[in-house]
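Notes for the one structure printed next.
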2 protein chains.
Amino acid sequence: MTNFKAYLNHISLDCVIFGFHENQLKVLLLQMKYTKKWALPGGFVKKEESFEEAAERVLKERTGMDNIFLQQFHVFSDPKRSEMNPAVKDLEKSGSGEGLDWFSQRFISTGFYALVDFHKVDPAPDFFSDKCEWKALEEIDNLMMDHRQILDKALETLRLHLTYQPIGYNLLPKKFTMPELQKLYETILGKSLDRRNFQRKILSYKILNKLDERKKGGAYKAPYLYEFNLENYNKALKEGFSGSW
Amino acid sequence: MTNFKAYLNHISLDCVIFGFHENQLKVLLLQMKYTKKWALPGGFVKKEESFEEAAERVLKERTGMDNIFLQQFHVFSDPKRSEMNPAVKDLEKSGSGEGLDWFSQRFISTGFYALVDFHKVDPAPDFFSDKCEWKALEEIDNLMMDHRQILDKALETLRLHLTYQPIGYNLLPKKFTMPELQKLYETILGKSLDRRNFQRKILSYKILNKLDERKKGGAYKAPYLYEFNLENYNKALKEGFSGSW
DNA sequence: TCAAAAGTGTTATGCCTACACCCATGC
DNA sequence: GCATGGGTGTAGGCATAACACTTTTGA
């Protein structure tokens, strides 16, 4: 990762990787080696790669996972967004002259968001960072460069998609309970929903299979387990829900 | 436009410029000089420009207009999308060696869609084209490279935005009638709507001012004129309509 | 037996849909 | 006067929102 010849100049991508854990929406972040600033996992695009392939590669490297749900959402092209890029400082300290040239150029970054099953992720830092960790949305502040803006835009897009697309297959384990699914929706939307109405509505979409099993081990009354009906789920992904006109 | 040193390598943008005329949704296209293929107006990004600024510049050049409603919607990054780029052939014929190198590189294109008042546009071809014309959606086929795909994605995005955002201010003259606005919606959505329900719904958004004037000159009963209530319109643009959760 | 969480059903409201009649204008 | 398009109102159905009681379980 110190030979940049294989990559397209001034093009980068940043990934907002969402996971759901302990009833919180979390994002996978890297802590830069020298500046200690937190940053979104990102990468560059090889000369024969599509952006989607590049994003998959980055995702694989940071999470160990394949086939991640991935969605591009915006291009961040402000010519000043790369100014004072802390990564440059990180490279100065690491003494890589070649890298310095690379990092001092202007970067146009395409934002992707990814939805992953928290438990399946094995976080791995990259060459420029020494930590890779999940952070709950509330504990995140002061990200590198314009990464806060990128994160906000990703969240905004995710919320929008929620209103006309099913979500959850990529964020939850194979079997899950209705309260868990509801918590996921509530977390993304940032507001609480009525239990009964939520259930009626989500069931009306026909994207769930109710299982005979109940979730054991928890306290109190054991909730039923559900799984996604993939056929209908994928159909809903393509066609979308309702739409007002 | 034959000195490409001022521009970022392998980055381009393409604009899908929508206008509304004679109850049809139309798109502004260019006809390439040598291949005679039709193409979306596009351009490159200067080294100190944001994509949005570059798109505005392109829009200004093709339409003569400023302050156009502009929205980026997707990045097209397939490494093969530039293969057999007919513009290269156009350049071969025009004998520009420098241009050849430029055009033979891989391009990553960001798609923007624009909404404009048809009557205000003064179409102007660029260096590589000899015609710049409005085409109704139905008459469009066989566009250059992946431009058909870009157009389709723009239309899909526009339809989606229609369900949660007001639209029309940028596409219609200052004063317009309810039937005209309805035709616009019907055209974008590709289906017909009930007159009375459309009117009730659009009025419920409070984004219109009903004027005392009626449209004169037309045959039959003269319809009332409306204008957009900009304050509410802009508020609706920001906040969006409803949303199912 | 009590507290906490989960399962389930009913009612009211409002929005969307479908539909009909009258009015103005040009031919 | 008739065809065409525009203005307006109403009834039914479906989805959403608000809301309460019962059941299970562990402590």
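Order of the sequence lines sets the chain letters (A, B, ...), proteins ahead of strands, with each chain counted from 1. Hydrogens, waters and symmetry mates play no part in the numbers below; they use all other heavy atoms, side chains included.
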Whole-Å distance, Arg200(B) CZ to dT17(C) P, equals 10 Å
- prompt: Less than 4.5 Å apart, any side-chain heavy atom of Val121(B) and any of Trp134(B)?
  reply: yes
Rounded to whole Å, CZ of Arg196(B) lies from C1' of dC15(C) at a distance of 17 Å
Counting any heavy atom closer than 4.0 Å, what does Lys215(B) reach on the DNA or RNA strands: base, sugar-phosphate only, or nothing? nothing
Rounded to whole Å, the CG-C1' distance (Asn197(A) to dA18(D)) equals 7 Å
Taking only nitrogen or oxygen atoms into account, show me every contact under 3.5 Å that the protein makes with nucleotides 1-6 of chain C, one pair per line with its distance.
none

Here the distance between atom C1' of dC14(D) and atom OH of Tyr205(A), to the nearest Å, is 14 Å
Less than 4.0 Å between a side-chain N and a carboxylate O, is that true for Glu213(A) and Lys175(A)?
yes
Inset, instruction - I would like to know whether Glu52(B) and Gln72(B) meet side-chain hydrogen bond (donor to acceptor under 3.5 Å, both in side chains); could you show each step before the answer? - result: CA-CA 8 Å; Glu52(B) 281 73 16; Gln72(B) 60 159 272; 3.1 Å; yes
(request) May I ask you to check whether Phe112(B) and Phe73(B) place their ring centers less than 6.0 Å from one another? (result) no
**Asked** Heavy atoms, side chains only, cut-off 4.5 Å: are Leu184(A) and Leu172(A) in contact?
**Response** yes
Rounded to whole Å, the CD-C1' distance (Gln199(B) to dT10(D)) equals 15 Å
Going by distance alone, is a donor N or O of one side chain under 3.5 Å from an acceptor N or O of the other, for Ser50(B) and Asp78(A)? no
To the nearest angstrom, the CG-C1' distance between Asp194(B) and dT10(D) comes to 13 Å
Minimal heavy-atom distance between Arg214(B) and Ala222(B), with the atoms involved, is NH1-O, 2.8 Å
note: Asp212(A), atom CG; dG7(C), atom P; distance rounded to Å ~ 14 Å
From CD of Gln182(A) across to C1' of dG7(C) the rounded distance in Å is 13 Å
Between Lys201(A) and Leu225(B), whichever has its closest DNA chain D nucleotide further toward 5' is Leu225(B)
If the cut-off is 4.0 Å, is Lys183(B) near the phosphate of dG5(D), judged by side-chain N/O to OP1 or OP2? no
